[in-house]
Amino acid sequence: MSLRRSMAGLGDCEFLVRRARELVKEDTCAARAWLITARTLYPQDFNIQYEMYNIERNAERTASAGRLLYDMFVNFSEQPVVWREIGVITAALRNDLQDKQTQFLRGLFEALPGRVQCEMLLKATEQCFNTLERAEMLLLLLRRFPETVVQHGVSLGETLLEAESLEDQDSPVNCFRKLFVCDVLPLIINNPDVRLPSSLLYKYLNKAVEFYINYVTRSPQTDPQHQGSQDTSDLLSPTKRSSQKYIIEGLTEKSSQILDPWDRLFKILSVVGRRCEWQMDKSTRNFNDLFHRVKELCRYISNFDNEANAKYKNQVVYSTTLIFFKSVFQYISAIQPSLFQGPNTPSQVPIVLLEDISNVFSEVDISSGKHIHKRRKLADSREKTMSSDDEDLSGKGRSRHVIVNKNDLANTNEVLESFKTARECWDILHSSEALDKEFSRICIPWKTDTWLWLRIFLTDMVIYQGQHKKAINSLHLMASLQGSHLPTQQMMTQGNLEQQRSTIQLAACHFALGEYKLTCEKILELMNFIVPPPQEVSKTREEQSKVKPKFRKGFDLKLLPCTSKCVMPYCLQLLLASIKLRAFSDNRDDMALGHLIVLLQHAWPRGENLFLKAIGKICQQGNFQYENFFNYITNVDMLEEFAYLRTQEGGKIHLELIPNQGVLLKHHTVTRGITKGVKEDFRLAMERQVSRCAENLMVVLHRFCINEKILLLQCLA
Amino acid sequence: MMSDIRHSLLRRDALSAAKEVLYHLDIYFSSQLQNAPVPMVEKGPIELLEEFIFQIPKDRGSHSKRLTAMQELQLLEILCNYFQDQTKEPVRQVIFSSLFSPQGSKADEQRMALLGKLTSMAVAVCRLPVLECAASWLQRTPAVYCVRLAKALVGDYCGLVPGSIQTLKQIFNVSPRFCCQFITAVAALYDMSTEELIPPHDLLEMIVSWIFEDPRLILITFLNTPITANLPIGYLDFSPLMGLVRWCVIAPLAYRRKQKAAGGGPVVEEQNLYSKLHLSVLQGLMVLQTHLTEKSLYGRLALILFDQLVPLVEELGQLCEELNPLNAEQEMELALDRLAQALQVSMATGALLCTRDDLRTLCARLPHNNLMQLVVSGPVQPQPAHPSLTPAYYPHIHTPPLGYPTLPAHAALPTHAALPTHTALPTHAALPTHTAIPTHTPIPAHAALPTHTALPTHPALPAHAALPAHPALPGHPVQTFMPGMTFPFRPMR
């Protein structure tokens, strides 16, 4: 009997819902009236309520739909349909979509009273078994209801960190860490009711710093999707590159975008600092204040190992680490913007830090070479006691001048300031064993030794300090990093020598160490990548730097754009400087002298003195043999000078400048008038040469480097 | 005193005398209100008003002076301005009541004519004080007069100039209380008993748009009125609910009948309006339940009387018989569905207090209808009688955007004096009730003295509140309209 009754009841509900469904299209109001009636008859029936909800939902009436949803949530929480619906709504809250349906669902949720939202999110979270979704759901809750942070904040954070390690993420820039650092952590540390031990705060700070640094310095190729669509023109335009959407796997595009990462990181640092009772002013607002505070602390606290100073040690290490990496980042993003994704300064050419060698044309050659050796020794001695008070070099090192052409680097002062700050930070971090140890403890798990951009900075730093041996080691390390870092895009842009950056620096370092053959090797290797610039423009460049002759004592550095146009002249000068010593050594070396003269054509007439010195040496020798003469010398002044040397007035110097001239000459002595024939050949060659003087000298010299590679290396052996 | 005033007024011209009489009576009632919370409205002031506002000569010999149209307009302006300027609600109410409460005298014709014009003017120029007074008037004046006022307004706004209904429509935002009373009066006027008594389209459209926008509108008067156990017969209902239920139920057949007679096409647009209206009524009932429950009145106070249903059901039955069932099957089905729905929801929400057996008897003679069958037999699993024991379901309406102004109930009640008999209810001991008076028999103003003696038993009556918190219902504040109409989420399990 009772079964029959309940069966009949079921029939009633079906009848009522069916009637409503029949009516809904032609007369929604009637359908709703049926359902209201039905619900007063059978308030426990789920289908009636669900039908009501559907009508309201389809009509996008947020408030009434929300109310019905809540009824279902309370009274029919066992219904899978309800959960599916709540799932759909919470998904709408999490995604970025702006379509009408998503917006309606968000509005629907917003129409619910706060307490209900809270309950709903919590229950929905309980039902969710995917860590990421669960975390996002909980985050919705924590953001809306700060009071829930106390209960759920830290455990959510720990869950995310655990998930990160469980899922074996290879980069700290992953969805779990992002949610932890950017979304959960600020909620936790900014909530005064959440009590956290210092150790945990430092652990979280460490995670945050690691994340943000890796995020900021992420390389542009992270997303393979965009690789295929990239063409050369894309690469040429950094603005285009930066417009690529970066998406952290598992997150939405919106969630993947982090604005002002450094500011956010700094805020976390200052909150953690305050919570750990660091020495901070309320006014500590920027990196400068922070840095100032660190330097003061270092001045007052001699022993950071002291237990009482532990928190200050942490303050110094974390603050300095942060400032260090930010400064390095700023420096590197100025000199090699392509390394990073993001808003790079538009159309900025990569730049390389090099020893300035514009003094190669000076006559005080041999002694200058010695000077370099001397400097090297001093520098190497400093290497061992890097932060000791090496008056001579640290003093000099700090005040070394870096020449930059304003056209190559718009914000020169800022870049040099970042470079300087980074070096200072490095010094602080290595100024005591305690700090050094702590800094290493931070860096090792981060695998900072694999960070190419940091390696580039460290290299530049030692170059700046004049520690060329160290620099060479560093450059070799860099090469191994680059191998993994640089995919096929090498040499896609003509004349851009970005990828040869380290080779240029290697050459310069070898030169500074007096290792001329190695210098030459590196330069000739480089020449393969160089595209001779159309016209010799280095003249104006040199003239510009000539403006400040006082600084140019040979201790200066320069930041040079990594383009063929700028690098080739530098290479030629290095080559010239390397060969110069050999050419003017006491032992006769016509080959070296010839090479030197070829190279002196570059930047003519700056090398006029050296050329005259070479001529002097030739006169002294009484003869000169250089069979490549007519291949590479097109300078009219030089040609004239040589023509003159053969004359009576010139000293009747015996010149063997035509290939195989010696053999010919021996052959000719047998018969009369042979010398006359040789003379004729020379004259014709000279005439032909004069007609070549309009040729692009850079092309000539480039060919010289490529073709005469073996001879050049030979003469430096 | 009154005769002094009268003498000073006699010398004046009609308009300045009208102005002056208002001035004197204003002072007179203001001082009365200071001494007694409910002033006596005696014969004197009413006679003065009849003479100087309605131009009824006191001396039998003299002629009735008729105002010119221009003068009448000026008089309306004087009245309108008076109510606008007087800031004290109780004083306004006493004056309005003294002016327009029917006295069973010859002057009543002029009263009604002037009241119609004054209200019409107040609608046109959005005079809230006049509309509020009119709302109170509609509540305490026998229905026959209320219907006349409604007729006057409908005549002015639904017939004369096309589009003028828009002026009336916007009153919704000015005085919802007036709107509610107006609907009740209109529903009483157009009872659909004949073709002529089908509401005009514009009027229907306006009323539906009001209620559809916010179904709580139909409850305003009820919620602003002190609780009385029974509705006074011969007066308008506390809500238009019953009248609107009648509209919705009868409409399909009434229009069908009209269509049959006129041979016109189908009236889809109208039927959609009734469908909307029907839904809104059900929603209003759901809101009502919340209030009744909150105030512990569920099951104790009926808004739809069983007795009122009897003629409705009878009429429906007759219409069904009258119209050829073969031709009007759909309309009949719709009418019966609506009736069944209205009965079920009224009963479930506590608006109608009766048993299902009563319903079975009531509807026994109606043609068969599945839903009606279901409603009459009730749900299979019997539901608990009291809502506090049932799982809660919530009013199926959207949260309304507009907050009604908190209005004092019809404040001072001079009508107490004018009203017939007030017999105290056993349950609500101190509350006066209007007991049955077959038709409105004019009763002299001084009558009903027994209740007057009862009045002093409300010692703490504040000047404004008509009837303060009911002693028997301590939790029910008289005035707060829809207290915190917030989201009524109450998980009940």
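All values below were derived from every heavy atom in this structure, side-chain atoms included, with hydrogens, water molecules and symmetry-related copies excluded. Sequence lines set the chain letters: A, B, ... in the order given, protein chains first and strands last, and positions in each chain run from 1.
Side-chain atoms of B/Gln344 and A/Thr37 form no donor-acceptor pair, as typed in the model, at a separation below 3.5 Å.
One finds the OG atom of B/Ser377 at 9.5 Å from the CG atom of A/Leu41 (value rounded to the nearest 0.5 Å). Taken to the nearest 0.5 Å, the CG atom of B/Asp337 stands 5.5 Å off from the CZ atom of A/Arg19. The distance from the CZ atom of B/Arg338 to the CH2 atom of A/Trp34 is 12.0 Å, given to the nearest 0.5 Å. Rounding to the nearest 0.5 Å gives a distance of 9.5 Å between OG1 of A/Thr28 and CG of B/Asn272.
Applying the side-chain contact (heavy atoms from CB on, under 4.5 Å) test between A/Thr40 and each of B/Gln341, B/Met286, B/Met347, B/Gln289 identifies B/Met286 as the sole match.
You'll find the side chain of A/Ile36 reaches within 4.5 Å of the side chain of B/Leu279, heavy atoms only.
When heavy atoms are compared at a cutoff of 4.5 Å, A/Leu16 approaches chain B solely by way of its side chain, counted from C-beta outward.
Residues A/Cys29 and B/Phe212 share a closest heavy-atom pair of SG-CE1, 4.1 Å.
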